[in-house]
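Sharing a structure with you now.
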Amino acid sequence: MGTFYISTPIYYVNDLPHIGHIYTTVVADVVARYRRFIGDDVFFLTGTDEHGQSIMKAAERLGIEPQEQADRVVSRYHEHWKTLGISHDDFVRTTEARHRVAVEEMVRRIEASGDFYTDLHEGWYCSSCESFYTERELLPGHRCPTHESETEWQSEENVFFRLSKYQDRLLELYAGETPFVIPPSRANEVRSFVEGGLKDISVSRAGLGWGIPFPGRENEVVYVWLDALTNYLSALGLGSDDASKLDRYWHEGGTRINLIGKDILRFHAIWWPAFLMSAGLPVPSTVAIHGWWLRDDKKISKSVGNIVRPDELIETFGPDALRYFLLREMVFGQDASFSDEAFVDRFNSDLANDLGNTVSRLVKLSRSSFDGKTPPEACSDNPLIAAAESAVAGYHEAMGEFAFNRALASLWKLLSETNQYLVAREPWKLVKSEGPSASVSRILWNGLEAVRIVTTALSPVMPTTAASILAAIGGDAVPVERDTLAWGRTPLDQPLAEPVPLFPRIDKAAFLSGEEGAAAPPKAAASPAPKQAPAQESDMITIEEFFKTQLKMATILTAERIEGTDKLVKLMVDLGEESERTLVAGIAEQYSAEELVGRQIAVVANLKPAKLRGVESQGMLLAASVDGKPVLLGPDSQVPNGTPVK
RNA sequence: GGCGGUGUAGCUCAGUGGUUAGAGCGAGCGGCUCAUAACCGCUAGGUCGGGGGUUCAAAUCCCUUCACCGCCA
């Protein structure tokens, strides 16, 4: 077997892990585990990108050093990957010394190729993106198209990389017989972009920012992308005294996969191979591009606030259920929609009914038929053998193509065939009529064996679940060899423990409404408290819900203190209606009656009236609440009374 | 505006010239009762976005049009 290298992108430490990071990392983990399983020598790398102005600014806001800021977020990543069972071989951080050495080596090598030159770099600069924009790319007012923040005109001398020189070699790379970029739609995108001509890119930034000093240039740092991309080799020891890992995993004969999301396609499919060509190093064999998770069919973005951090799902249903869902639901390369309903449906139908119930069914049948043990006699001639071979073949083929959904579907077909087989043979009836006979033994052993094969193949996707099922049916603890997928390994006459439901069915309606106790945690999970639906969803309201609140502008006509209270004031306001309304507001400590009269305010017009100190308040005025003290909201300019606010 | 992609049963999708267009989920009916109200069987009548063309034959090839998405400008 060969060597197999796979990486995730390094994640930027200005953000905590969300479903996008989790998906990428789980995919890489599944591939890594699968390749180890079939016998490859695997190196699986993930890590964090810790340089750049955003980190520096975030640290400043918190009053800490950038490194401290990075350390804090990195520890969260470590926690997540541990919880999710990520089996990376190394975790690289761009603030590590070994990474700096590698970047310096890249710079030295590219320099030696004569691909650097200095020139003036000018444009509208967004400090959040750390990118220059042309006039036409900007939003009105010279604002950044990504961050909508203001940009500033900058002109500085930078080091440029001769990207344009590599146009032809890149096109050759894309035209090679093994696809450099998968899926093909992304490869087309990249090719047409490169065919359109490449401009040289600047790879240094002026100033002593939070980054790696550019070798030989006192007051510049290495541009974040040249810095970040090099991570893929710094963990292998590029630039260090020890080249053993580099030689072992990053050579033309091995498989070298950079797994990324579609947002960073160009950097990985164009810049990265060009840097490597210039540096005289092998390029990746494949850059694999996955799609994005949508939330209920909408794009996920920070500004919309619909980021999915599935901590609750993991805590309630275990990491394997999420791993399964992510791989089963998404067609690799395409976008997919994440919804609680889809998750529950997958959980109930695939995990509870198909997998969990089939295991439980067979274990209980065997226990009751054979005195608490696995069947004493095996079978080497039955329809399940061919079905299993076919399922395993389909699984291997799909796994090799990153078609994880098909790989899982192939295994689930065997589960279905196993249930069909059992119904056709009705061993529970045979036991009654002929006792624990040889035929009963063979039937149940076949069923267990089919389940064992499914579970073994499933172990890269659901490692924890697979281990407990295999233990439950008396098999090997952890499958480590490809030939454990061959028919015939379920042990005979071995004690079977009373099965515990692996995936108790979820009451869907109750779960979706966030009801307590809707979901029982699987197995003996350490966190027994049932959780409600993720906070992200329950905290959000629809626009319709928002419009239930009628907000209107009004003018204060009179104001008088209410006797015997410190805070309350009675206001008569004009809401543009036939008659005036009375409001009672707790603002007397901050506003005198005199300064209130004539002022325009925003009012909740459809609030149920309430009596305060005997005075009925027919609405509520809006104020910002600063430490409990009100600051009135008013219009930017005079508006008619009754004007709706929305 | 240019290039590319997608549009197939309620939902998610498979199917690139050839018998009555498929799967899973959901729904309905029936069966079974070993199993986590699970499992098994049957049913569901979708003008394969619209229009035109090529062909003995098209979801599958060509042209055109509409909608949505991506990349670029």
Side-chain angles (χ1 to χ4, degrees), chain A residues 134-137 145 181 183-199 261-266 269-270 289-292 294 296-299 325 328-339 341-370 375 394 398 403 405-406 408-413 415-433 436 440 443-444 447-448 451 469 472 496 498-509 519-520 522-523:
Chain A
T134 60
E135 191 93 24
R136 57 187 306 177
E137 288 170 332
V181 173
S185 56
R186 296 294 165 198
N188 290 341
E189 234 172 79
V190 172
R191 191 185 336 101
S192 61
F193 183 86
V194 174
E195 281 168 351
L198 291 175
K199 283 186 212 150
K262 62 184 183 179
D263 49 327
I264 49 177
L265 173 59
R266 207 183 306 166
I270 300 173
I289 322 297
H290 66 69
W292 278 344
L294 311 178
D296 301 323
D297 294 326
K298 295 190 190 87
K299 259 189 188 172
F325 176 84
R328 182 65 185 81
E329 195 72 7
M330 184 177 261
V331 176
F332 184 84
Q334 297 182 18
D335 291 348
S337 190
F338 186 97
S339 71
E341 185 176 6
F343 182 88
V344 175
D345 284 344
R346 283 287 172 204
F347 187 94
N348 280 342
S349 78
D350 294 5
L351 298 180
N353 295 353
D354 293 338
L355 182 60
N357 178 61
T358 306
V359 170
S360 160
R361 179 181 206 185
L362 280 160
V363 170
K364 287 189 178 177
L365 270 171
S366 294
R367 277 173 56 88
S368 61
S369 306
F370 299 103
N405 59 329
R406 278 201 284 123
L408 291 166
S410 184
L411 298 179
W412 256 249
K413 183 157 182 278
L415 284 176
S416 170
E417 287 160 336
T418 303
N419 277 313
Q420 288 167 31
Y421 172 81
L422 291 174
V423 168
R425 304 299 162 100
E426 298 183 309
W428 49 91
K429 282 189 182 169
L430 289 178
V431 169
K432 283 175 189 162
S433 62
V440 172
I443 292 164
L444 295 184
L448 283 169
V451 165
I469 293 177
L496 284 170
E498 173 74 28
V500 184
L502 292 161
F503 301 104
R505 279 182 67 85
I506 304 167
D507 181 334
K508 182 174 168 182
K523 294 181 276 179

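Reminder, nothing fancy here: chain letters follow the sequence lines and each chain counts from 1. Since this is a predicted model, take the numbers as computed values, not measurements.
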Could you tell me whether Asp263(A) contacts a base, only the sugar-phosphate backbone, or nothing, with contacts defined as non-hydrogen atoms closer than 4.0 Å?
nothing
Can you tell which of rG41(B), rC39(B), rA14(B) lies closest to the side chain of Gln420(A)?
rG41(B)
Categorize Gly196(A) for me: base, sugar-phosphate, or nothing, with a 4.0 angstrom heavy-atom threshold over every strand shown.
nothing
Categorize Lys508(A) for me: base, sugar-phosphate, or nothing, with a 4.0 angstrom heavy-atom threshold over every strand shown.
nothing
In short, salt bridge (charged side-chain N to carboxylate O under 4.0 Å, His left out) pairs touching residues 188-199 of chain A with sequence neighbours left out are Arg186(A)-Glu189(A)
Scan every strand shown for a Watson-Crick or G-U wobble partner of rA67(B), both distances under 3.5 Å, and answer none if you come up empty.
rU6(B)
Counting Watson-Crick and G-U wobble pairs only, both distances under 3.5 Å, name the nucleotide matched with rA21(B), or none.
none
Of rC34(B), rG70(B), rC25(B), the nucleotide closest to the side chain of Lys432(A) is rC34(B)
Please determine, for the side chain of Gln334(A), which listed nucleotide (rU36(B), rC13(B), rC39(B)) has the closest atom?
rC13(B)
Classify the nucleic acid contact of Ser360(A) as base, sugar-phosphate or nothing, counting any heavy atom under 4.0 Å across all strands shown.
base
Rounded to the nearest 0.5 angstrom, the CG-CG distance for Leu411(A) and Asp350(A) is 11.5 Å
Donor-acceptor pair, distance only, cut-off 3.5 Å: does the side chain of Asn405(A) make one with the backbone of Glu329(A)?
no
Can you find a side chain N or O atom of Lys429(A) that sits less than 4.0 Å from OP1 or OP2 on rU33(B)?
yes
Would you mind telling me which residue lines up with the more 5' stretch of RNA chain B, Arg346(A) or Leu362(A), judged by nearest nucleotide?
Arg346(A)
Mapping Asp335(A) and Asn188(A) to their closest nucleotides on RNA chain B, which lands nearer the 5' end?
Asn188(A)
Using a 4.0 Å heavy-atom cut-off across all strands, classify Asp345(A) as base, sugar-phosphate, or nothing.
nothing
Sequence neighbours excluded, the answer for side-chain hydrogen bond (donor to acceptor under 3.5 Å, both in side chains) partners of Arg406(A) is Glu401(A)
Side chain of Glu189(A) only, please: which of rG70(B), rU33(B), rC39(B) is the nearest?
rG70(B)
Roughly how far apart, to the nearest Å, are rC40(B) and rG26(B) at atom P?
11 Å
Between rU36(B), rC34(B), rC39(B), which nucleotide has the shortest distance from any of its atoms to the side chain of Asn353(A)?
rC39(B)
With rounding to the closest Å, how many angstrom separate the C1' atoms on rG18(B) and rC13(B)?
24 Å
